[in-house]
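Note that the structure is a prediction, hence the values are computed from the model and not measured. One-based numbering, in listed order, for ligands and for the atoms of each.
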Amino acid sequence: MPTSPSNRRSLLPTSLLLLLPFLLFLSAPTPSAAQVTVYGQIPLAQTISIDPSATDAPVDVQPVPTLAAYDETLLTPPPIPNPPPATAYTLELQREAANVNGLSIPHVGGGFFGYSVEMSVINQVMGKNSSFIQVPFLNLMANIEERAGSVLIRLGGNTQEYATMVDELPNGNALAKEDSGTKATTETPAVLYTKDLFYIAGNISTMVNVKWFVGIPFNDSANWRLAIAENAQEVLGDNLLAMQAGNEPDLYARHEKRPSDYTFYDYFGEVGDLIQHIDANDRIPVKNNLLAPSLATGDWNPEDIWNIGFLEAYIDRLWAITMEHYPTNNCFAQFGVGSPQDPQTNFPSYLTHNAGIELIRIYLNTSRIAAEAGKPFIMFETNTASCGGFPGISDSYGAALWALDYGMQMAYSNFTYAMLHVGGQNVYYNPFTAPPTNQTAFNQWTVGAVYYSTLIMAELFGKSNTSRIVDLWGNAGNVYTPSYAVYENDVLSKVALFNYVDDPTGGSDLTVGISVPGAGVPNTIRVKYLEASSVSVKTNITWAGQTFGNKYEVDGRLRGELNVTTIQCDRVANVCQVPVKAPGFALVFMEDDEAISIGQATQTFATTARTRSHNTATVDQQVLATSNGHSGKDRALNGIGSTSVGSVSAATRLRLLQGGVLTVVVGMVGVFVLIMR
Ligand SMILES: *[C@@H]1O[C@H](CO)[C@@H](O)[C@H](O)[C@H]1NC(C)=O
Ligand SMILES: *[C@@H]1O[C@H](CO)[C@@H](O)[C@H](O)[C@H]1NC(C)=O
Ligand SMILES: *[C@@H]1O[C@H](CO)[C@@H](O)[C@H](O)[C@H]1NC(C)=O
Ligand SMILES: *[C@@H]1O[C@H](CO)[C@@H](O)[C@H](O)[C@H]1NC(C)=O
Ligand SMILES: *[C@@H]1O[C@H](CO)[C@@H](O)[C@H](O)[C@H]1NC(C)=O
Ligand SMILES: *[C@@H]1O[C@H](CO)[C@@H](O)[C@H](O)[C@H]1NC(C)=O
Ligand SMILES: *[C@@H]1O[C@H](CO)[C@@H](O)[C@H](O)[C@H]1NC(C)=O
Ligand SMILES: *[C@@H]1O[C@H](CO)[C@@H](O)[C@H](O)[C@H]1NC(C)=O
Ligand SMILES: *[C@@H]1O[C@H](CO)[C@@H](O)[C@H](O)[C@H]1NC(C)=O
């Protein structure tokens, strides 16, 4: 079904027209030296807390010469497992959902994976202000929307805790940072933002159907700062889904954000106090859209919260139940603290079906509790590893397979959504990265392998709000060859097939037979593949033959011809044979499906060539213009790269080791500088 552009899309938003003079300015010869505003000074020997069990703080410190997001580390793929998985197996699949045990709840809109954008990098990835929105970002979101109908974005993370709204910031910026001043063990610099932050989000939602989550600052429960709730509700209206009440409260004591004897009872009380303040505040009309408890599940278990009557007390105030979790951390390699973690040693642990299963085992009770309470259950922040992820792992094709399997496992376990965390240029795991400020004239965006996973999850569940998924445990339960089936409108719709084995000889390529009882296989099935030459590569990753391009090449649009493989089934033998390379991922469409023909989204936000660039996006306009029967030029917006604030800061709060605060001295970078254009 072709998607007809709605009215809101057919007009060039006036706010973006405002950009034009600015764009002309940018395309003029190199502007004179960037202004530098020094907001604050942080002492050279900065004392910071490191916590590997926490979810991620923004990693603003740049400890290595190459920015992590562009790291070239290539790991060695794990050896072929011994014993190897069988290279041929058959799945006997029921056509009717009614005959299948263990199907998940139906997955409703939003594509399952959303993005958790660390508050301090909003201006890098979304835009400098509401008249300057990042075009590649819009394209990336449009590609999710095309498949899932909407996109979910959480604005927050650790930097939300000290966020403070101000009337104005220099140079038209909607967001900036300063050091958090008086605190002795200084942590994340406070994020300063203006009301325009909500207009950025609001304007994005007029162009792409993005729904938002925000976080209420929780650093000071004696002086609630509710400006974010007031203004998000006022500006975003229905596009604001919910507001987080506390971010990893189980780590507050360890991080010295609360006294060391702070317990879940205290958190319970603080949420109650927050609710009273919300009730008394006329500028917060929606009083029942909170998200909690967002445990890192480091120092408390979910059951600690459920056992004290938290849900009974607040169920009517909650929009969803949230948790935040990463499989491991990379604090040592990034910052020299914590226990060393060798990426090469860790790599195999991502390339197995057990990875996702182990990661969410601690939440299975909670998933049931949420379902019984009739609330969505959201993995609110996650990615390959905290402290920025691992070089060689987080941006590899292997990570894309990991995220897909993990996402499907969460969906099967009745999580409603999961938010992949997005940091700055200094992390390895970003689904997408805006160019560093001082390279915007030359380079463009970079898409991480896990962005493809989010795209595929959006395609997997589609827009019908009826898709349910089941883990099939095919191939005698071999963990290197997982498989799932999706039932949509109560019939078998798609089959997802993985092969984690890396074997360039072809000797480990799989052939998966799909059989449907009662001579149920169709004449033909269609298959889309997520392909790359090895689990370790970061380049030339394709989804159904199309790619966003390699690093610095991305404008958010898929390029190349859509390549959907048609497979003839053997109706006499009642089987369809699907090849899956080693490594590989195949999404099999069992019936006609709108998603089969979706490649690049029909709505695109075109980036026009920038004159000074030697290395701009190498999008082939011809291909774009013809690939999907739609012009890629229908929105002649100029996609300037980031005008965002670049920051260098030692005041990065990191993750801590199990068992208490590890206080370390980092003297790498002493001055906190905001470079503004
Ligand atoms: C909370 O953060 C705000 C903004 O950074 C700051 O002004 C305030 O002093 C902090 N309160 C506590 C108790 O840390
Ligand atoms: C955005 O920033 C530019 C300067 O870069 C400024 O001219 C413009 O007024 C700002 N827009 C808003 C809405 O603040
Ligand atoms: C878009 O931004 C402008 C300011 O640049 C603001 O006046 C307007 O309300 C915003 N629109 C939405 C829908 O948020
Ligand atoms: C999960 O719930 C079951 C009973 O519903 C209980 O026996 C078990 O201890 C719970 N698991 C955890 C980790 O608390
Ligand atoms: C998910 O929910 C469905 C429907 O309630 C239930 O049948 C299924 O057992 C649940 N799955 C898990 C893994 O809890
Ligand atoms: C960009 O900034 C980094 C760190 O501040 C510096 O090392 C690099 O040389 C700069 N690159 C350009 C092209 O100015
Ligand atoms: C699916 O659910 C979303 C969110 O609730 C809703 O906006 C959309 O209209 C629904 N789509 C269908 C086909 O029911
Ligand atoms: C990526 O693909 C291009 C074009 O097919 C090819 O020239 C290049 O060598 C490939 N790069 C890698 C690292 O495989
Ligand atoms: C389409 O993809 C299949 C599967 O990878 C491949 O065998 C085939 O060569 C591709 N076709 C084109 C035209 O690239």
Note to self: Quick check: N414 and ligand 5, any N/O pair under 3.5 Å apart?
What the structure shows: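 Checking ligand 5 against N414, an N or O pair does fall under 3.5 Å apart.
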Note to self: Taking ring pair (Phe, Tyr, Trp, His ring centres under 6.0 Å) as the definition, give me every residue that meets it alongside F310, ordered by chain and number, with sequence neighbours left out.
What the structure shows: Y267, F268, Y314
Item checked: For W306, ring pair (Phe, Tyr, Trp, His ring centres under 6.0 Å) partners two or more places apart ->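 With sequence neighbours excluded, W306 shows a ring pair (Phe, Tyr, Trp, His ring centres under 6.0 Å) to no residue whatsoever.
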Notebook entry, point to check: Relative to each other, are the rings of F461 and H107 parallel, tilted or perpendicular (30° and 60° limits)?
Noted result: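 It falls in the parallel class, under 30°.
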If you count the atoms of ligand 5 from 1 in the order shown, which ones are under 4.0 Å from a heavy atom of [X]?
| X | answer |
| --- | --- |
| I105 | 2 (O) |
| Y412 | 11 (N), 13 (C) |
| S413 | 13 (C) |

Checklist line | Residue of the set Y484, W402, F498 for which ring pair (Phe, Tyr, Trp, His ring centres under 6.0 Å) holds with F585 | finding: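 Result: among Y484, W402, F498, F498 is the only option passing the ring pair (Phe, Tyr, Trp, His ring centres under 6.0 Å) with F585.
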Note to self: What I'd like to find out is whether the side chain of Y115 reaches to under 4.5 Å of the side chain of V125, using heavy atoms alone.
What the structure shows: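 Not touching, per the 4.5 Å side-chain cut-off.
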Next item on the list: Report the part of L103 (side chain from C-beta onward, or backbone N, CA, C, O) that has a heavy atom under 4.0 Å from ligand 5; answer both or neither where that applies.
Entry: backbone
Note to self: We want to know whether Y199 and N129 form a side-chain donor-acceptor pair, criterion being a heavy-atom distance below 3.5 angstrom.
What the structure shows: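 No, because no side-chain N or O of Y199 sits under 3.5 Å from a partner of the opposite role on N129.
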Checklist line | For E591, salt bridge (Lys or Arg N to Asp or Glu O under 4.0 Å) partners two or more places apart | finding: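 By the salt bridge (Lys or Arg N to Asp or Glu O under 4.0 Å) rule, E591 matches R95.
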Note to self: Polar contacts were defined as any N/O atom of the residue lying under 3.5 Å from an N/O atom of the ligand; does this apply to S130 and ligand 2?
What the structure shows: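 Min N/O separation from ligand 2 is not below 3.5 Å for S130.
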Which atom pairs, nitrogen or oxygen on both sides, join ligand 7 and the protein at under 3.5 angstrom?
residue	atom	partner	partner atom	Å
ligand 7	2 (O)	N465	OD1	3.3
ligand 7	2 (O)	N465	ND2	2.3
ligand 7	11 (N)	N465	ND2	2.8
ligand 7	14 (O)	N465	ND2	3.3

Item checked: Atom pair NZ (K128) and CG (L169), whose distance is rounded to the nearest 0.5 Å ->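 It is 10.5 Å, given to the nearest 0.5 Å.
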Notebook entry, point to check: Could you give the distance from CG (L364) to CZ (R368), rounded to the nearest 0.5 Å?
Noted result: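 Output value for this atom pair is 9.5 Å.
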